[in-house]
Each structure stands twice: as C-alpha cells, then as structure tokens.
Amino acid sequence: MANQVSIAEVSTQTKSGSLAGMENNFKKAITELLVLFLLDEREMYINEITAELSRRSEEQFQIVFPYAVIYRMVRFQYIRETQKQKAPDGRLRQYYGITQKGAAYLRELLDFYVRFSDGVAKILASSMPESNAAE
C-alpha cells in the first residue's frame with residue numbers, strides 16, 4: 001500500500017513545478033522537430049517513427065501517443081500520407097512523408113532550436129559575479 005500513488009499525486013507530478021511536468025513540456029515542444037527530422041530522411045510508418053526516436057536517443061526519448069502528433073502535422077500539411085507499403089515485418093502499413101511546407105517548417109524549427117539551445121548553454125556556462133552569489 002505504501003508504494004501506491006494516488007490519482008491526485010500523479011496529476012500533480014505531471015504539472016508545472018515538477019520534473020515530470022518539465023519533461024512532458026520539453027517532449028511536447030521538441031516532438032514535431034524530431035518527427036520532421038526523421039521524415040526528411042525517408043518515409044516511415046508511425047510505429048517506425050517512435051521506435052527510431054527511441055533507438056537514436058538511446059531510449060531517452062519516447063512518444064506515448066504518436067497519433068496525435070502525426071495527425072496534427074497532417075492537418076497542418078507538414079506531412080502527408082503516402083502509399084501503403086509492406087513494412088519489414090510483412091504487414092501493410094500507412095507511411096508518411098514530409099511535404100515542402102514541412103521541410104520549410106523543419107528548417108525554421110532547426111534554426112530556432114540551435115539559437116535557443118545555444119542561448120541556454122551560454123546562460124548555464126556563465127557564473128554569477130561574487131557580489132550577487134551571496135544574496
């Protein structure tokens with residue numbers, strides 16, 4: 001009984017002010033960039049995208065509900081359904097490919113990501129002056 005977590009505790013663990021909430025927000029913010037990055041390399045089906053993200057991140061990045069991201073990007077015309085193809089497991093799968101609009105959006109996202117992460121790195125590498133450190 002001591003190891004059980006209540007619904008209220010789970011809810012507060014995924015909101016702002018918690019590591020889980022921060023992790024969730026980071027994942028949401030970066031998922032479109034990563035999916036578009038993969039689809040810019042080649043067409044993939046949904047489960048292949050999630051597996052590839054997990055593999056390349058050494059299991060550090062996983063999408064729990066990939067359909068929401070995929071369908072949202074289809075709606076915005078960043079990606080499109082391509083022909084159904086046989087996957088390596090022999091099953092018929094719906095593949096997705098990046099559109100020209102998606103490729104342009106990917107370039108914007110990559111540019112923003114590089115500038116943003118560079119700014120964060122500069123802040124984290126800086127140190128506070130001795131006079132402010134005591135406050």
Interatomic distance, Leu36 atom CG to Tyr78 atom OH [nearest 0.5 angstrom]: 8.5 Å

message: Salt bridge check, Asp111 against Arg107: does any charged N sit closer than 4.0 Å to a carboxylate O?
response: no

query: Should Val35 and Ile63 count as side-chain neighbours, where that means a heavy-atom distance under 4.5 Å?
result: yes

query: Is the number of heavy atoms from other residues, nucleotides or ligands under 6.0 Å of Phe61 CZ greater than 12?
result: yes

message: Counting only heavy atoms from other residues, nucleotides and ligands, does the tally under 6.0 Å from NZ of Lys28 exceed 12?
response: no

- prompt: More than 12 heavy atoms of other residues, nucleotides or ligands under 6.0 Å from CD of Gln100: is that the case?
  reply: no

message: Within this structure, what is the OH-CD distance for the pair Tyr71 and Glu81, rounded to the nearest 0.5 Å?
response: 7.5 Å

query: Taking atom types as modelled and ignoring hydrogens, do the side chains of Tyr105 and Glu32 form a donor-acceptor contact shorter than 3.5 angstrom?
result: yes

message: Main chain of Gln77, side chain of Thr99: is a donor-acceptor contact present, judged purely on distance under 3.5 Å?
response: yes

task: Given side chain to side chain contact (heavy atoms under 4.5 Å, CB included), test Ile49 with Val69 step by step and report yes or no.
output: CA-CA 11 Å; Ile49 293 167; Val69 174; over 6 Å; no

- prompt: So, Thr82 and Glu43: side-chain donor and acceptor under 3.5 Å apart, yes or no?
  reply: yes

- prompt: Can a salt bridge be assigned to the pair Glu48 and Arg93 using a cut-off of 4.0 Å between side-chain N and carboxylate O?
  reply: no

- prompt: Roughly how far apart are Leu92 CG and Tyr45 OH, rounded to 0.5 Å?
  reply: 11.5 Å

message: In this structure, would Val114 and Ile123 fall into the same cluster of hydrophobic residues linked by side-chain contacts under 4.5 Å?
response: no

query: Can you tell me how far the CE atom of Met44 sits from the CD1 atom of Ile98, to the nearest 0.5 Å?
result: 11.5 Å

statement: Taking every heavy atom of Leu39 against every heavy atom of Tyr96, the minimum-distance pair comes out as CD2-O, 3.3 Å

- request: Give, for atom CZ of Phe26 and atom CG of Leu19, the distance between the pair rounded to the nearest 0.5 Å.
  value: 10.0 Å

message: Quick check: is Leu34 connected to Val120 through a chain of hydrophobic side chains (ILVMFWY, heavy atoms under 4.5 Å apart)?
response: no

statement: For Tyr95 and Ala87 the tightest heavy-atom approach is OH-CA, 3.5 Å

query: Where the side chain of Lys101 meets the backbone of Ile79, is there a donor-acceptor pair that is under 3.5 Å apart?
result: no

- request: Any chance you could measure Ile30, atom CD1, to Ser117, atom OG, to the nearest 0.5 Å?
  value: 8.5 Å

- request: Evaluate the side-chain proximity of Val64 to Thr50: yes if any heavy-atom separation is below 4.5 Å, no if none is.
  value: no

message: Please determine whether a side-chain nitrogen of the Lys or Arg among Glu41 and Arg56 lies less than 4.0 Å from a carboxylate oxygen of the Asp or Glu.
response: yes

- request: Following the transitive rule for hydrophobic clusters with a side-chain heavy-atom cut-off under 4.5 Å over Ile, Leu, Val, Met, Phe, Trp and Tyr, establish whether Leu110 and Phe76 coincide in one cluster.
  value: yes

- prompt: Under 30°, 30 to 60°, or over 60°: which ring-plane class applies to Phe116 and Phe112, parallel, tilted or perpendicular?
  reply: parallel

